[in-house]
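No hydrogens, no waters, no symmetry mates; every other heavy atom, side chains included, goes into these values. The structure presented is a predicted model; accordingly, all values stated were derived computationally and were not measured. Naming: A, B, ... by sequence-line order, numbering from 1 per chain.
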There are 2 protein chains.
Amino acid sequence: MNEQLRTIAGLDRVIHEPGRLMIVSYLAGVEECDFLFLMRQTEMSKGNLSSHLSRLEKAGYVEIEKTYRGKVPMTLLRLSPAGEAAFKKYLRDLDSVR
Amino acid sequence: MNEQLRTIAGLDRVIHEPGRLMIVSYLAGVEECDFLFLMRQTEMSKGNLSSHLSRLEKAGYVEIEKTYRGKVPMTLLRLSPAGEAAFKKYLRDLDSVR
DNA sequence: ACCATCAGGTTTGTATGACAAACTAGTTTG
DNA sequence: CAAACTAGTTTGTCATACAAACCTGATGGT
């Protein structure tokens with residue numbers, strides 16, 4: 001049993017998927033941002049971004065706050081403490097890829 | 001358009017998948033190894049390992065040599081030059097995940 | 001001689017998942 | 001009033017990961 005390979009096998013699939021890795025990686029660097037902005041940054045389609053966010057929310061990694069900018073609906077995204085922790089662990093695990 | 005996110009979006013999916021990442025990462029550290037040994041190292045099932053290897057072979061990243069150890073068939077795996085290059089690029093791209 | 005086991009797969013089936021397109025619904029701008 | 005925008009949900013398709021079953025041929029044990 002190879003320790004390095006075991007770490008790779010155990011990589012958090014929720015974060016590992018590039019679409020979600022973009023989201024988590026971006027959110028890790030900011031306080032919060034809104035749906036549309038993130039959609040433009042990542043160049044993902046609405047449906048795709050939406051489903052990835054739902055997945056991250058279900059995992060407890062992202063907090064989704066539906067609010068309004070005036071009367072226009074706006075969705076704010078934030079990395080949760082659990083999300084930060086999971087991302088840090090993910091980055092540590094990535095270090096074993098050499 | 002965010003340069004970091006673009007890099008993440010462009011991660012080589014063939015290598016990115018953990019099963020194949022284990023294979024490539026392991027092969028990058030040795031001259032060659034045989035199927036069974038790799039199967040035990042990675043703890044993957046035969047079918048799964050086989051299909052990942054086929055995928056890597058089709059991408060030109062791994063060379064598969066079917067030979068014999070005495071009269072027992074043995075399959076030798078080796079990372080191709082293209083595979084080495086792709087893995088190096090992948091590792092460089094990974095550095096943009098921070 | 002025969003049965004189990006091993007090497008090294010291929011084939012098949014299932015279940016998940018990524019992603020886009022279409023549809024909702026309310027808001028605002030020309 | 002029509003078009004475009006915000007922020008989704010739903011639906012459908014296609015790819016893929018993975019395991020189980022099947023296969024051939026060789027070897028070991030009894």
Enquirer: Which two nucleotides bound the region of DNA chain C that has atoms under 4.0 Å from heavy atoms of chain B, read 5' to 3'?
Expert: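 The protein-touched segment is C:dA7 to C:dC19.
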Enquirer: Going by number, which of residues 48-71 of chain A have a non-hydrogen atom under 4.0 Å from DNA chain D?
Expert: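 Those residues are A:S50, A:K66.
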Enquirer: Starting at atom CE of B:M74, determine the distance to atom C1' of D:dT27, rounded to an integer number of angstrom.
Expert: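 Rounded to whole Å, this separation is 16 Å.
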Enquirer: According to salt bridge (charged side-chain N to carboxylate O under 4.0 Å, His left out), does anything in residues 59-70 of chain A pair up with another residue at least two apart or in another chain? List the pairs.
Expert: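 Listed by first then second residue: A:E63-A:R78, A:E65-A:R78.
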Enquirer: Could you list all the ring-ring contact (aromatic ring centres under 6.0 Å, His included) pairs where at least one residue sits in residues 64-83 of chain A, not counting sequence neighbours?
Expert: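 Checked against ring-ring contact (aromatic ring centres under 6.0 Å, His included) - neighbours excluded - no pair reaches residues 64-83 of chain A.
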Enquirer: Any chance you could pull the hydrophobic cluster mates of B:L76, using side-chain heavy atoms under 4.5 angstrom and chaining through other members?
Expert: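 Direct or chained contacts put B:L76 with B:M74.
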Enquirer: Considering only residues two or more places apart or on different chains, which pairs with a residue in residues 75-98 of chain B satisfy ring-ring contact (aromatic ring centres under 6.0 Å, His included)?
Expert: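 ring-ring contact (aromatic ring centres under 6.0 Å, His included) check on residues 75-98 of chain B returns B:H16-B:Y90.
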Enquirer: Can you list everything that forms a salt bridge (Lys or Arg N to Asp or Glu O under 4.0 Å) with A:K89? Sequence neighbours excluded, please.
Expert: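 Checked A:K89 against salt bridge (Lys or Arg N to Asp or Glu O under 4.0 Å); matches are A:D93.
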Enquirer: May I ask you to decide if B:E3's main-chain N or O and B:T7's side chain share a donor-acceptor pair within less than 3.5 Å?
Expert: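 Flag set: sc B:T7 to bb B:E3 pair under 3.5 Å.
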Enquirer: Sequence neighbours excluded, which residues qualify as ring-ring contact (aromatic ring centres under 6.0 Å, His included) partners of B:F35?
Expert: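 Partners of B:F35 under the ring-ring contact (aromatic ring centres under 6.0 Å, His included) test: none.
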Enquirer: Nearest nucleotide by nearest heavy atom, which residue falls closer to the 5' end of DNA chain C, A:S45 or B:G47?
Expert: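 The 5'-side residue here is B:G47.
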Enquirer: What residues form a salt bridge (Lys or Arg N to Asp or Glu O under 4.0 Å) with A:E57, not counting sequence neighbours?
Expert: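 Salt bridge (Lys or Arg N to Asp or Glu O under 4.0 Å) list for A:E57, sorted by chain: empty.
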Enquirer: Show me the side-chain donor-acceptor pairs of residues 18-27 of chain B shorter than 3.5 Å, one per line, residues at least two apart or across chains.
Expert:
residue, atom, partner, partner atom, Å
B:R20, NE, B:V14, O, 2.5
B:R20, NH1, B:H52, ND1, 3.1
B:R20, NH2, B:R13, O, 3.4
B:S25, OG, A:Q4, NE2, 3.2

Enquirer: Residues from residues 13-39 of chain B sitting under 4.0 Å of DNA chain C, heavy atoms only?
Expert: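 B:R13, B:F35, B:L36, in order of number.
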Enquirer: Got a sec, which residues hit salt bridge (Lys or Arg N to Asp or Glu O under 4.0 Å) with A:E84, two or more places apart in sequence or on another chain?
Expert: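 Listed in chain order: nothing, the list is empty.
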